[in-house]
2 protein chains.
Amino acid sequence: MVGKLSVPAPRQAKAPAVIRSTAEFARHVGLARTTVSRVLNGQPGLKQKTIDRVQRALAETGFTPNAHALHLKGKRTSMIGICMEDFATPPAVRKLATLQRVLRSRGFSSLIEVFAPGTGREVVRHFQSLRVEAVVFIGHFLPEEIEARIAELAAHGTPHVVIDHYGLKGANTVTLDRAAGMEAVMNHLLDLGHRTFGSLGITKGRPSRIERMAGIQAALRARGLDPERCLLSVDHLHERNVDFDYGRNLAAGFLAQRELPTAFLGHNDEIAVGALHGFQAAGLKVARDVSLTGFNHQDICRMVSPTLTTVDQNIEETVAVAADLLLAQLDQPPRARPVVRTIKPQLVIGGTTGAARPSSRGSGF
Amino acid sequence: MVGKLSVPAPRQAKAPAVIRSTAEFARHVGLARTTVSRVLNGQPGLKQKTIDRVQRALAETGFTPNAHALHLKGKRTSMIGICMEDFATPPAVRKLATLQRVLRSRGFSSLIEVFAPGTGREVVRHFQSLRVEAVVFIGHFLPEEIEARIAELAAHGTPHVVIDHYGLKGANTVTLDRAAGMEAVMNHLLDLGHRTFGSLGITKGRPSRIERMAGIQAALRARGLDPERCLLSVDHLHERNVDFDYGRNLAAGFLAQRELPTAFLGHNDEIAVGALHGFQAAGLKVARDVSLTGFNHQDICRMVSPTLTTVDQNIEETVAVAADLLLAQLDQPPRARPVVRTIKPQLVIGGTTGAARPSSRGSGF
DNA sequence: GCTTGACGCGGACAGGTGTCCGCACTCCTT
DNA sequence: AAGGAGTGCGGACACCTGTCCGCGTCAAGC
């Protein structure tokens, strides 16, 4: 009775072909459709023997009620739409993985699409047609496009949350406080005696209180230093294509200059690792000759030598906050104003940062 | 008329709240439900003016027919269930990303779940209840569990394909020919004069013609060499936890031995990079003193110095073949016998492999 | 002004589900 | 043996859609 799970289904069975509805299933069991339905939904007033009969047939045939019909009857779809910028950014993938796990544990399934420029309308329409209960955006997008989509979602009463893209109008947002991250990095370096800093891809973006540059400037000013003179850059000289190569080129660019900062701030870990190789190739000993930091705390930070000082994104917390924010909206009337939460990152000290050399090549300081 | 996309919806509009059905939408437009339906489905016999009226309202309200009701009417769900082993393995994530893109381009959406041991039944049941059109498995799973799930899918006439897990009974499979990959690696190293090889995590798994060890042995035998004497291992001495650390530990393990092979075969890129650091920390110059290879051709291969010689998985082809195999099953009766396809990988030569030193520490050869 | 064709309306059905309700059968109890 | 509780049956409805069909309406052509 139990071990009868033969693999491809016996050839000449009385096989009810494939059971596709409760009606067929009931016929197969020899009961009325309503009776089966009552068993499936745990209603009282049924003999234990009958219940067992249905359960057994259920296990044997693997029949499952049609989720679409259930939804039509008013049951929630328990589907969450997730829009990814791409699958190529490791931290974004980690957020997706974490989010999927969290949603799963709360009984939701994840419908994942890539939200490429121009396809946004289509993607969101598709989610709407499937009546997803909410939509999550992970990454950075074209502001006008995502704002339009969020407006559409709001018009339909579909909750949403944006992870990482800060400053969108009308958007519930959870994002890392990158300023705090850079401030921690700067304080670490300043404590080590560094006074001149090279930017590796960190540029002034749309100014905001949580943007990287804001944290750098705040840390410098807090010690009475002038950001204009302390922070150097050769970013404009190089094209950003592959981050690793970009980092190496930036390092070479700095080395070609007259004045060399004592510390370098990588926009992310790949760029920092690229610069690490650039410096090492030039014969410098990183940490002793120059200090170097990354951002994101990816696996690669531990896979280089010395290990990279970097900033951890606190992805678990980010996703937990985002999920809470999202699910809290499900059974409530839409909020009047969007909610914005920032997450504090954490400095991870590795082997690429050390005390500033008393006298570098002369920094004009 | 067109620019009226105000963001949070005007406060005191005559707002038809949220339009959830064609009936409501039709009422909003001022037409009969059937008329609207005809417009939506492009049926003839309608005045252009009427069509325009509906289209305009459609654009304004963003109404979308309920996909679940459509499916109930017989329309295909166009959903594919994807079971991932995890999100932590970069090559697996790249396969997922590629597959998602390919499926999207063919009009299918991806429902992604993690197929953790013990949860398989639940996951597949969930897919079945949503009436997905097919299921893809990416990664390695418990053989009995996945075989049972595939049998269930087959019983319901749901097509499937397994990517990467070779040797499952009754499973349509697309997998990399790892033996061919290792054979290419070995021929490359043999051509460079190497005769003794250290295994970095490559063990004899379930023997099959496409398993790594088979390729190593084939290459050695083709040159009249004895695998038993040429291939050395200290794998058993160390615990495999974090691959990078494992690789470094293995390198240290070999260095502690009396005889040092001239070439080392990494089970994957992380292990190889770990070993690279291990060797470099011991003062060896990789490529000159020892050669080293990885597997998978991840980004990290170019981010170490020297760049890692490795094997590319040909992920694009793998996924294309898998998708074709999957979609070909959609409109056809189930095959009697499962289809198994193997993909040829490609050697990528980097800077970690070089000519064998004429006289190593003595290899007993 | 009348005929005719074009066009929109509204009722009906199917698809799978859960639930309600009246009915009939079975089996136990007295 | 008869009453009654327990239990299963089957019809009906709603959910939302696409489609068919008969009917009403309106405008154009003569």
Side-chain angles (χ1 to χ4, degrees), chain A residues 16-55 57-58 61-79 125-126 128-133 156, chain B residues 16-55 57-58 61 63-79 125-126 128-133 156-157:
Chain A
V18 176
I19 298 178
R20 297 216 158 282
S21 70
T22 318
E24 284 179 24
F25 178 66
R27 219 172 298 136
H28 175 247
V29 187
L31 289 168
R33 186 180 72 84
T34 50
T35 307
V36 169
S37 181
R38 273 203 282 269
V39 174
L40 293 176
N41 295 280
Q43 289 188 3
L46 294 170
K47 221 189 296 181
Q48 188 58 42
K49 196 176 152 193
T50 310
I51 296 177
D52 290 344
R53 189 144 65 112
V54 174
Q55 298 286 12
L58 209 55
T61 62
F63 168 73
T64 326
N66 187 319
H68 302 90
L70 288 178
H71 167 243
L72 225 53
K73 280 293 298 180
K75 194 187 171 192
R76 57 196 330 176
T77 59
S78 294
M79 296 199 295
R125 284 286 164 88
H126 179 226
Q128 301 266 30
S129 78
L130 283 164
R131 302 294 189 264
V132 298
E133 302 198 38
H156 284 76
Chain B
V18 176
I19 299 178
R20 297 218 161 281
S21 69
T22 318
E24 284 180 22
F25 178 66
R27 220 172 298 136
H28 175 247
V29 187
L31 288 169
R33 187 179 73 84
T34 50
T35 307
V36 170
S37 181
R38 273 202 283 269
V39 175
L40 292 177
N41 295 280
Q43 289 189 0
L46 294 169
K47 221 188 298 181
Q48 188 57 43
K49 197 176 150 194
T50 310
I51 295 177
D52 291 343
R53 189 145 63 112
V54 173
Q55 298 287 11
L58 209 55
T61 62
F63 168 72
T64 326
N66 187 319
H68 303 90
L70 289 179
H71 167 243
L72 225 52
K73 282 292 298 181
K75 195 187 169 192
R76 58 195 329 176
T77 60
S78 294
M79 295 200 296
R125 284 284 164 90
H126 180 227
Q128 301 265 31
S129 78
L130 283 165
R131 302 293 187 264
V132 298
E133 302 198 36
H156 284 75

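In this structure, B:N41 reaches the D:dG18 phosphate: one of its side-chain N or O atoms is under 4.0 Å from OP1 or OP2. For C:dG16, neither phosphate oxygen OP1 nor OP2 lies less than 4.0 angstrom from any side-chain nitrogen or oxygen of A:T22. Contact check, B:T35 against C:dC9: a side-chain N or O comes under 4.0 Å of OP1 or OP2.
Atom-to-atom, CZ of B:R20 to C1' of D:dA14 comes out at 17 Å; the value is rounded to the nearest Å. Look at CZ on B:R38: it is 14 Å from C1' on D:dT17, rounded to the nearest Å. Distance A:K73 NZ to D:dC16 P: 10 Å, rounded to the nearest Å. The CG atom of A:L72 sits 8 Å away from the C1' atom of D:dT17 (whole-angstrom rounding). For the pair A:L70 CG and C:dG15 C1', the computed distance is 14 Å after rounding to whole Å. As a whole-Å value, the separation of B:Q43 CD from C:dG8 C1' is 13 Å. Whole-Å rounding puts the A:H68 NE2 to C:dG18 P distance at 15 Å. A:N66 has its CG atom 14 Å from the C1' atom of C:dA14, to the nearest Å.
Here the closest non-hydrogen pair linking A:R53 and A:V29 is NH1-O, 3.3 Å. Nearest heavy-atom pair across B:R20 and B:F63 is C-CE1, 4.1 Å. B:H28 and B:T61 make their closest contact through CE1-CG2, 3.4 Å (heavy atoms, listed as atom of the first residue, atom of the second, distance). Nearest heavy-atom pair across B:V132 and B:T77 is CA-OG1, 4.1 Å.
Among the protein residues, B:A32 comes within range of the sugar-phosphate backbone only, with heavy atoms under 4.0 Å from sugar or phosphate atoms but none that close to a base. Contact annotation for B:K47: backbone-only contact, meaning every heavy-atom pair under 4.0 Å involves sugar-phosphate atoms and none involves a base. Residue-level contact check: A:T34 touches the bases, meaning some heavy atom is under 4.0 Å from a base atom. Nucleic acid contact class of B:G45 (heavy atoms, under 4.0 Å, all strands): sugar-phosphate only.
For D:dG18, the base has no donor-acceptor partner in the side chain of B:S37 [N/O atoms by modelled type, under 3.5 angstrom]. In the interface, the side chain of A:R33 is not paired with the base of D:dG11 through any donor and acceptor atom under 3.5 Å apart.
Mapping A:F63 and B:I51 onto DNA chain C via the closest heavy atom, the residue that lands nearer the 5' end is B:I51.
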With a cut-off of 3.5 Å and sequence neighbours excluded, list every side-chain donor-acceptor pair involving residues 67-75 of chain B.
| from | atom 1 | to | atom 2 | distance (Å) |
| --- | --- | --- | --- | --- |
| B:H68 | ND1 | A:H71 | ND1 | 3.2 |
| B:H68 | ND1 | B:N66 | OD1 | 3.2 |
| B:H71 | ND1 | A:H68 | ND1 | 3.2 |

